Amino acid sequence: MQKYRLKRDLCTFVLHVLGHAKSKKSVMNILVCIAKAPDTTTKIKFNSEGNALDGNGVTWIVNPSDEWYALVRALELKEAAGQGKVTIVTVGTADDDSIVRKALAVGADEAFRINLSPESAASVAEQIAPWAKGQPFDFILTGKETIDFNGSVVGGLLAAHLDWPYIPLIEKLNVENGRATMFRDIGGGTEEIEVNGPFVASATKGLAEQRIPNMRGIMAARTKPITVVEPQSYSAKIEYLEFTLPQEKGACKIIDPNNMDELVRLLHSEAKAL
Amino acid sequence: MNVLVYIDLQNGRPRKSSAELLTYAQKLSGAGSVTALVLGHSLEDLSALGSFGAQRILQVSTPELTHFDGLVFGQLISEAAQFTGSQAVLLSFDHSGKAIAPVVAAKWSAGLVAGATGLPQGTRYPVKAFSGKALAKVNVLTEKIVVALTPNSIPSEKNGSSVAVESWIPSEIPASKIKVLSVNKNTTDIPLPEAEKVVSGGRGLKGPENWGLIEDLAKELGAATACSRPVSDIGWRPHHEHVGQTGITIRPNLYIAAGISGAIQHLAGVNSSKTIVVINTDAEAPFFKAADYGVVGDAFEVLPKLTQAIKKFKADQA
Ligand SMILES: Cc1cc2nc3c(=O)[nH]c(=O)nc-3n(C[C@H](O)[C@H](O)[C@H](O)COP(=O)(O)OP(=O)(O)OC[C@H]3O[C@@H](n4cnc5c(N)ncnc54)[C@H](O)[C@@H]3O)c2cc1C
């Protein structure tokens with residue numbers, strides 16, 4: 001090791017070590033977009049106008065792929081880096097603070113809520129994009145889709161507004177010195193890709209494992225900040241109407257397990273499925 | 001209205017959904033025109049797209065487009081929409097469509113219908129919501145519109161004749177910020193979201209070593225394979241086979257489920273399948289309530305018998 005002369009050289013030494021540490025350890029600054037969704041066991045019913053879910057008795061959860069995959073992978077990357085911050089953002093009303101607390105309990109550091117009841121993916125993205133622009137996020141993660149509208153387009157809209165590359169359906173993500181490598185599902189295969197600089201990606205199964213918040217996390221979440229941001233003005237491009245429940249199936253025909261020829265005959269001549 | 005249809009290439013060939021998209025576009029366009037746009041090099045003669053209703057076929061075939069980038073493709077499609085004077089852009093609600101549609105909608109300031117399941121009434125497009133637990137209409141308030149059509153929504157019709165392919169040169173091809181390091185394709189598999197027939201297995205199959213039963217039947221039917229969530233969670237099957245509310249949503253013509261109980265989250269992803277067959281030892285399994293045909297029996301015995309019966313049926317038909 002080099003010899004350092006006292007005082008001045010000690011400073012140089014410290015700076016040298018710090019500089020070295022800095023180049024090895026990166027500071028992760030990650031934004032995760034989360035949405036509120038009805039619990040998966042919810043019996044779906046609608047208001048009398050048929051244009052919204054009847055929220056009576058509905059338990060709200062953090063949309064599963066946002067929480068299980070996007071948020072947890074963000075936390076893992078921050079933990080591996082040793083320094084940084086995982087920020088969550090949601091577009092919603094004060095009713096959504098409970099699910100924001102849940103995400104904070106899982107481990108996010110701070111939360112922002114853009115105060116608007118969104119009527120489509122476009123309104124979510126058009127609120128988050130201008131707010132996120134200019135903030136020093138390394139990248140943004142969303143879940144692969146929400147389980148209420150199943151649009152899977154918030155990430156793509158956000159990327160388009162920010163002019164950042166968009167990588168949908170990632171099942172692996174590593175980030176080192178600003179270089180991100182990931183595997184994405186391309187339907188019947190995977191693609192390994194590299195991105196330098198900020199990007200938006202949507203998280204799917206495989207990226208991480210669900211984390212159940214522990215008591216410490218839940219207690220800590222109570223005092224973490226949720227900052228309310230006032231929404232930008234904006235005009236709706238679409239609206240959801242005429243919600244209905246699908247037609248119930250008729251009675252199921254029971255077939256003798258020893259007569260598969262009969263099943264095949266019915267699938268061919270009755271169901272026209274063969 | 002004039003409709004621009006984005007035709008996605010898979011392994012250098014137009015995807016199966018192309019015929020369905022063009023049929024849909026022809027019905028949507030009314031007196032307007034239908035233009036098909038292909039980005040990248042095709043191994044197949046594209047002029048055949050005309051037989052499904054494309055009146056004009058544009059192709060941008062440069063090496064930069066070998067690898068997919070939703071931002072780049074979306075930008076090119078927005079420019080093509082402008083160039084062709086289109087009011088609607090139509091694409092498939094699949095892996096690539098989900099990455100492109102939002103980019104086109106944002107760049108072109110259009111209303112976006114994510115996952116249309118049929119033709120609109122006026123400006124109202126049918127969609128599914130709550131992971132298949134409900135139906136809804138998306139009313140589009142903008143003049144310009146991007147429609148991402150769920151695969152297997154309408155039957156395709158041959159309605160037209162072959163058309164010459166024009167090479168189209170966009171004002172610029174934006175540089176991709178995504179570098180593809182490697183591609184891993186299982187070319188033999190039928191992509192699950194597009195498959196017309198699907199055979200699916202659950203925890204009742206006891207272990208990954210028994211999946212031959214599912215695969216044999218799928219092979220005989222020309223079907224894709226799928227599974228329930230716990231099966232992919234424990235690693236018996238790959239993640240992309242997981243169907244349901246937190247997996248993928250499918251709507252094949254035929255869904256055969258063996259050893260799957262039919263939990264509400266599973267049903268959400270498969271209940272718009274046209275015909276559902278359930279094989280389960282437990283006559284009380286909830287799946288039977290959502291099934292068209294049920295077999296109360298041991299999957300280990302029933303599956304091989306069914307495979308045999310299909311084989312025989314095919315031989316008789318031939
Ligand atoms: C938030 C959340 C999201 C979820 N999302 C999904 C999802 O997207 N998709 C999904 O599938 N699940 C999902 N689940 C899980 C779901 O609740 C069920 O636990 C799961 O679908 C059960 O899988 P299974 O039917 O394979 O297994 P089990 O429930 O264990 O059922 C096995 C079935 O096999 C039958 N069986 C046993 N032996 C045989 C045999 N020899 N022959 C024939 N039948 C046999 C049994 O009678 C039983 O009905 C979710 C759960 C939660 C909480």
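Every value quoted in this text rests on a predicted model; they were computed, and no experiment measured them. So you know, we letter chains A, B, ... as the sequences are listed, proteins then strands, and number each from 1.
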Per-residue contact mode, [X] against chain B (heavy atom under 4.5 angstrom):
| X | answer |
| --- | --- |
| Thr181(A) | side chain |
| Glu145(A) | side chain |
| Pro165(A) | both |
| Arg184(A) | side chain |
| Ala122(A) | neither |
| Ile44(A) | side chain |
| Leu169(A) | side chain |
| Ile167(A) | side chain |
| Leu157(A) | both |
| Lys272(A) | neither |
| Pro246(A) | both |
| Trp68(A) | side chain |

(request) Step by step, work out the ring-ring contact (aromatic ring centres under 6.0 Å, His included) result for Phe199(A) and Tyr166(A). (result) CA-CA 6 Å; Phe199(A) 61 90; Tyr166(A) 173 53; over 10 Å; no
Which atoms of [X] approach chain A - backbone, side chain, both or neither, heavy atom under 4.5 Å:
| X | answer |
| --- | --- |
| Val277(B) | side chain |
| Leu192(B) | neither |
| Leu71(B) | side chain |
| Lys274(B) | backbone |
| Lys314(B) | neither |

Using modelled atom types only, decide if a donor and an acceptor are shared between the side chain of [X] and the backbone of [Y] within a distance under 3.5 Å.
| X | Y | answer |
| --- | --- | --- |
| Lys45(A) | Asn56(A) | yes |
| Ser131(B) | Gly269(B) | no |
| Thr190(A) | Phe183(A) | no |
| Asn63(A) | Ala37(A) | no |

Do [X] and [Y] make a side-chain contact, defined as non-hydrogen atoms from C-beta onward lying under 4.5 Å apart?
| X | Y | value |
| --- | --- | --- |
| Tyr293(B) | Glu262(A) | no |
| Ile34(A) | Ile99(A) | yes |
| Ile140(A) | Cys33(A) | yes |
| Thr246(B) | Arg229(B) | yes |

(message) Could you work out, with salt bridge (charged side-chain N to carboxylate O under 4.0 Å, His left out) as the rule, every residue matching Arg251(B), not counting sequence neighbours?
(response) none
(request) State which residues pass salt bridge (charged side-chain N to carboxylate O under 4.0 Å, His left out) with Asp163(A); sequence neighbours excluded, sorted by chain then number. (result)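 Counting only residues at least two positions away or on another chain, Asp163(A) forms a salt bridge (charged side-chain N to carboxylate O under 4.0 Å, His left out) with Lys107(B).
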Highest number of heavy-atom pairs under 4.5 Å with chain B: which of [options]?
| options | answer |
| --- | --- |
| Ala160(A), Ser235(A), Ala251(A), Pro64(A) | Ala160(A) |
| Glu126(A), His268(A), Glu242(A), Lys205(A) | Lys205(A) |
| Lys144(A), Glu194(A), Lys43(A) | Glu194(A) |
| Leu245(A), Leu274(A), Asn259(A), Val154(A) | Leu274(A) |

(message) Under 4.0 Å between a side-chain nitrogen and a carboxylate oxygen: does that hold for Glu76(A) and Arg73(A)?
(response) yes
(message) Angle between ring planes, His266(B) versus Phe287(B), binned at 30° and 60°: parallel, tilted or perpendicular?
(response) perpendicular
(request) Return the set of residues passing side-chain hydrogen bond (donor to acceptor under 3.5 Å, both in side chains) with Thr40(A) (not counting sequence neighbours), or none when no residue passes. (result)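 Partners of Thr40(A) by the side-chain hydrogen bond (donor to acceptor under 3.5 Å, both in side chains) criterion, ordered by chain and then number, come out as Gln265(B).
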(message) Using the side chain to side chain donor-acceptor pair (under 3.5 Å) definition, which of the options Gln10(B), Arg15(B), Lys16(B), His95(B) pairs with Glu194(B)?
(response) Arg15(B)
(message) Heavy atom to heavy atom, less than 4.5 Å: which residues from residues 298-308 of chain B reach chain A?
(response) Val302(B), Lys305(B), Leu306(B)
(message) Taking the six-membered ring of Phe93(B) as reference, does the cationic atom of Lys98(B) (NZ for Lys, CZ for Arg) lie under 6.0 Å from its centre and within 45° of its axis?
(response) yes
